[in-house]
There are 2 protein chains.
Amino acid sequence: MLHYLANEGSTTLVELSHYLYVEKPTTTRTINRLEELGYVEHVPSRDKREKRMQLTVLGQQVYEEVRITIDAFEKDILTGISVEEQQDMVRIMQIIRANILK
Amino acid sequence: MLHYLANEGSTTLVELSHYLYVEKPTTTRTINRLEELGYVEHVPSRDKREKRMQLTVLGQQVYEEVRITIDAFEKDILTGISVEEQQDMVRIMQIIRANILK
DNA sequence: CCTAGATAGTTATCTTTGTTAACTGTTACC
DNA sequence: GGTAACAGTTAACAAAGATAACTATCTAGG
């Protein structure tokens with residue numbers, strides 16, 4: 001979620017639910033917790049139905065820190081696996097996902 | 001779990017926990033539910049601490065049926081992915097797991 | 001042989017993440 | 001203006017994971 005917000009700038013819950021392939025209550029719960037933690041905040045939106053959120057300054061900082069940690073972890077667990085193999089993995093998993101979603 | 005029991009013949013909870021990489025309470029709960037469903041039963045064991053289980057006749061039947069369903073599903077979601085690619089996936093995921101467990 | 005430590009498994013409790021169903025408030029379209 | 005659709009919320013449930021604490025049993029060493 002932090003990643004999505006860092007990349008997209010802001011998002012609505014329904015948009016985030018679509019991206020994450022989960023139902024809206026799941027997104028509601030998690031985005032509310034990020035809000036409680038001070039990582040995300042409301043953004044004004046024309047559509048009063050919408051709850052548009054963006055990262056706070058704290059959220060951006062936490063995201064950068066977490067990214068470093070996760071990048072190191074991924075580098076570690078991918079030791080011995082070539083970049084080409086990693087790309088193959090991603091490509092194949094995308095095919096599997098597409099097949100599941102048919 | 002059914003797969004393991006079908007292949008191994010019988011198992012103890014601690015053995016199954018190791019194989020599944022979960023803590024013993026998780027295995028206890030699930031094996032008890034399989035027992036309630038009539039899919040597994042006790043096997044006499046010298047070590048009274050142990051709870052050695054095997055598939056019942058019903059469990060074997062259910063396992064065969066489920067296997068057919070799952071094999072078809074896997075065949076479906078692996079459409080467009082060669083056997084070699086599948087083998088690469090398994091191999092790479094085994095490396096990742098080994099790296100995680102280090 | 002007895003005891004202490006280790007082992008196998010159980011139980012209670014908690015957490016997390018997912019869901020469905022039902023709901024409220026808002027928007028858009030006819 | 002009314003209705004259907006949409007965005008989001010809430011309650012309740014389920015599943016699967018964990019930890020901590022416990023009991024019963026086994027094993028090894030003194």
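Letters A, B, ... mirror the listed sequences (proteins, then strands); counts begin at 1.
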Between [N] ([atom2]) and [X] ([atom1]): distance, integer Å:
| X | N | atom1 | atom2 | answer |
| --- | --- | --- | --- | --- |
| E15(A) | dG8(D) | CD | C1' | 14 Å |
| H18(B) | dG9(C) | NE2 | P | 11 Å |
| L16(B) | dT10(C) | CG | C1' | 16 Å |

Task: Sole candidate of V62(B), V40(B), L34(B) that passes side-chain contact (heavy atoms from CB on, under 4.5 Å) when paired with L55(B) - done: V40(B)
Is it true that [X] and [Y] fall in one hydrophobic cluster, defined by side-chain heavy atoms closer than 4.5 Å?
| X | Y | answer |
| --- | --- | --- |
| V43(B) | L5(B) | no |
| V14(B) | L20(B) | no |
| L58(A) | M53(A) | yes |
| V22(B) | M1(B) | yes |
| Y19(B) | M93(B) | no |

Open item on the list: Between N32(A) and K51(A), does the side-chain contact (heavy atoms from CB on, under 4.5 Å) criterion hold? Intermediate values first, please.
Closed with: CA-CA 11 Å; N32(A) 283 348; K51(A) 186 171 180 176; 2.9 Å; yes
Task: Base-contact (B) and sugar-phosphate-only (S) positions in nucleotides 9-21 of chain D, heavy-atom cut-off under 4.0 Å, - elsewhere - done: BB-B---BBBBB-
TODO: Would you check, one step at a time, whether the test side-chain contact (heavy atoms from CB on, under 4.5 Å) holds for F73(A) with I77(A)?
DONE: CA-CA 6 Å; F73(A) 176 69; I77(A) 68 174; 3.7 Å; yes
- [ ] Could you tell me whether the side chain of T56(A) and the main chain of E41(A) form a donor-acceptor pair under 3.5 Å?
- [x] no
N/O contacts under 3.5 Å, protein versus nucleotides 27-30 of chain C?
| from | atom 1 | to | atom 2 | distance (Å) |
| --- | --- | --- | --- | --- |
| dT27(C) | OP1 | K48(A) | N | 3.1 |
| dT27(C) | O4' | R49(A) | NE | 3.3 |

- [ ] Count the heavy atoms of every other residue, nucleotide or ligand shown that sit under 6.0 Å from NZ of K102(B), and state whether that count exceeds 12.
- [x] yes
TODO: Please list every stem that involves DNA chain C, where a stem is a run of 3 or more consecutive Watson-Crick or G-U wobble pairs with both pairing distances under 3.5 Å.
DONE: C:1-30 with D:1-30
